[in-house]
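Chain identifiers are assigned alphabetically (A, B, ...) following the order of the sequence lines, protein sequences preceding nucleic acid strands; residue numbering begins at 1 within each chain. The figures that follow rest on heavy atoms only: side chains count, while hydrogens, waters and symmetry mates do not.
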There are 2 protein chains.
Amino acid sequence: MGRGKLQLKRIENKNNRQVTFSKRRSGMMKKAHELSILCDVDLALIIFSARGRLYEFCGCNERRWIRILNTFQVEGPRIEQLRLSELIQLEQKLDGMLRQTRRRKTQLMMEAIACLQEKVKKLNEQKQLMEKMIAAAESKDALQHEDLVMEQAGNNSKPPPQNVVLQLL
Amino acid sequence: MGRGKLQLKRIENKNNRQVTFSKRRSGMMKKAHELSILCDVDLALIIFSARGRLYEFCGCNERRWIRILNTFQVEGPRIEQLRLSELIQLEQKLDGMLRQTRRRKTQLMMEAIACLQEKVKKLNEQKQLMEKMIAAAESKDALQHEDLVMEQAGNNSKPPPQNVVLQLL
DNA sequence: GTCCCTATTTATAAGGG
DNA sequence: TCCCTTATAAATAGGGA
């Protein structure tokens, strides 16, 4: 595109290269954004500028990063190809992420456990309370309608009290 | 581009959406490739198709993946935002990668150590050999040029034999 | 899905400030 | 470096097979 036709090879003029980088980078970012909206897909575009260690980034949330991580073993770095210094760097990175992940996981699980314990406790209290109520109601029925109690015994007395309580909640 | 002007919103017609996805995806891949060549930069373009778990990928080698990993803490998933099931998945992924990395690191280090030990052994052998040669040469000099030996004593005798040997190799 | 075609819209190379 | 302009090269929507 543009005034001249483009050869697919490294642009040697430093200034032109920088200008082209800037233009095409923003062009790609725009297209990436359009694609994600138009077609409703997840995508990531990551560009490292040649000098410096700046990078660009587009359209990724937490979930997408996980998916990107999942591409690692398929298309990602073949560990065998890395040098020792790179392995050490990678190890530190992974170790840090893993620690962070485990800390958060532990935290969530502890919260979930505490929450469930609380629920169990409350339910047990309610259960005991209702068992008493049922027992009271039955003894009352026994006094006022002895005949009915005899008829419905198969329905009301068979299921253990817990079930009655649970169904009520 | 094309016959009609495009609205930046999800394409509702499923067929059109799929066609557009396919066209634009290949267009972006091409542009990504061009950018990496023309401007000599590292970049990654990762696209997840809406259905299925297919992904596309472009222009990343081992080194680039490491750089991508490095963007994690800056722009990557905020661990705090993930759900328990995602954390577990992430943990397994990281754990596997970390094991693999450490295994390879250990392997490389062991190789390096063995290699260096070998070198040290050889050097020590050479050192001992040359110490003997030097000792022999000195005693020979002492017999033939007692005066010269006396003059050069400050230069030749001061440095310990090891240094002499190391400089020779 | 894919490939081809063509009218149009976009992207962008080159150049100047 | 960024912004503007303009001529041109590319990308692509819509449609057909």
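- With hydrogens and angles left out, the side chain of B:Arg3 and the base of C:dT6 share a donor-acceptor pair within 3.5 Å.
- Residues B:Phe21 and B:Ile11 fail the side-chain proximity criterion, which asks for heavy atoms closer than 4.5 Å.
- Atom CG of A:Asn13 and atom P of C:dA14 are 9 Å apart (whole Å).
- We find that CE of A:Met29 is positioned 18 Å from C1' of C:dT10, with the value rounded to whole Å.
- With rounding to the nearest 0.5 angstrom, the CG atom of A:Leu90 is 10.5 Å from the NZ atom of B:Lys105.
- At least one side-chain nitrogen or oxygen of B:Lys30 sits closer than 4.0 Å to the OP1 or OP2 atom of D:dA11.
- Heavy-atom nearest nucleotides on DNA chain C were determined for B:Leu38 and for B:Lys5, and the one closer to the 5' end corresponds to B:Lys5.
- Taking the side chain as every heavy atom from C-beta outward, B:Met28 and B:Lys31 never approach each other to under 4.5 Å.
- A straight line from CE of A:Met1 to C1' of D:dA9 spans 7 Å, rounded to a whole angstrom.
- Separating the CG atom in A:Leu94 from the NZ atom in B:Lys93 is a distance of 11.0 Å, to the nearest 0.5 Å.
- Considering only residues two or more places apart in sequence or on other chains, A:Arg103 meets the side chain to side chain donor-acceptor pair (under 3.5 Å) condition with none of them.
- Remark: P of D:dA9 and NZ of B:Lys31 are 14 Å apart, rounded to the nearest angstrom.
- Near DNA chain C, defined here as any heavy-atom distance below 4.0 Å, the residues from residues 14-26 of chain A are A:Thr20, A:Lys23, A:Arg24, listed numerically.
- Separating the CG atom of B:Leu8 from the C1' atom of D:dA13 is a distance of 15 Å, rounded to the nearest angstrom.
- Summarising the geometry, the separation between CD on A:Gln7 and C1' on D:dA9 is reported as 14 Å, rounded to the nearest angstrom.
- In this entry the distance linking CG of B:Leu6 with P of D:dG14 reads 7 Å, nearest Å.
- The closest side-chain heavy-atom distance from B:Leu8 to A:His33 is below 4.5 Å.
- Atom CD of A:Glu34 and atom P of D:dT12 are 9 Å apart (whole Å).
- Base pairing of C:dT2 is made with D:dA17, judged by Watson-Crick or G-U wobble geometry with both donor-acceptor distances under 3.5 Å.
- Judged by distance alone, with hydrogens and angles left aside, the side-chain atoms of B:Ser22 form no donor-acceptor pair with the main-chain N or O of B:Val19 at under 3.5 Å.
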